[in-house]
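Fair warning: this is a prediction, and the values are worked out from it, not measured in the lab.
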Amino acid sequence: MILGFSQGGWMLGSSAERMAQQKSTFAVTEALVPVCIAQSNSDPSAAAKLQQLDAITSSYERREFVMKTG
């Protein structure tokens with residue numbers, strides 16, 4: 001049993017669930033980044049928004065700003 005878990009590739013259900021969640025999050029992020037970049041590049045007010053974002057120091061406020069402005 002020790003060999004199965006250490007070298008045989010066995011894992012607990014919770015470990016498999018965690019690994020699947022991480023892989024799905026990565027896949028969604030990887031798929032959506034090009035779309036977000038394309039939308040950002042086509043926005044005529046992107047430079048102004050970036051300056052406003054740079055002025056914000058709080059991570060919470062930055063997140064809220066990004067969520068509001070897209």
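- The CG atom of Asp43 lies 8.5 Å from the OG1 atom of Thr69; values are rounded to the nearest 0.5 Å.
- Within 6.0 Å of CZ on Arg62 lie more than 12 heavy atoms contributed by other residues, nucleotides or ligands.
- Under a cut-off of 6.0 angstrom, the local environment of CD in Glu17 is sparse, with at most 12 non-hydrogen atoms contributed by other residues, nucleotides or ligands.
- Between Gln52 and Ile56 there is no side-chain heavy-atom pair separated by less than 4.5 Å.
- Counting only distance, with no hydrogens or angles, the side chain of Ser24 and the backbone of Ala20 share a donor-acceptor pair below 3.5 Å.
- One finds the CZ atom of Arg63 at 12.5 Å from the NZ atom of Lys68 (value rounded to the nearest 0.5 Å).
- Heavy atoms only, all atoms of each residue included: Ser40 and Ala46 are closest at O-CB, 3.6 Å.
- In this structure, OG on Ser15 lies 4.5 Å from CZ on Arg18, to the nearest 0.5 angstrom.
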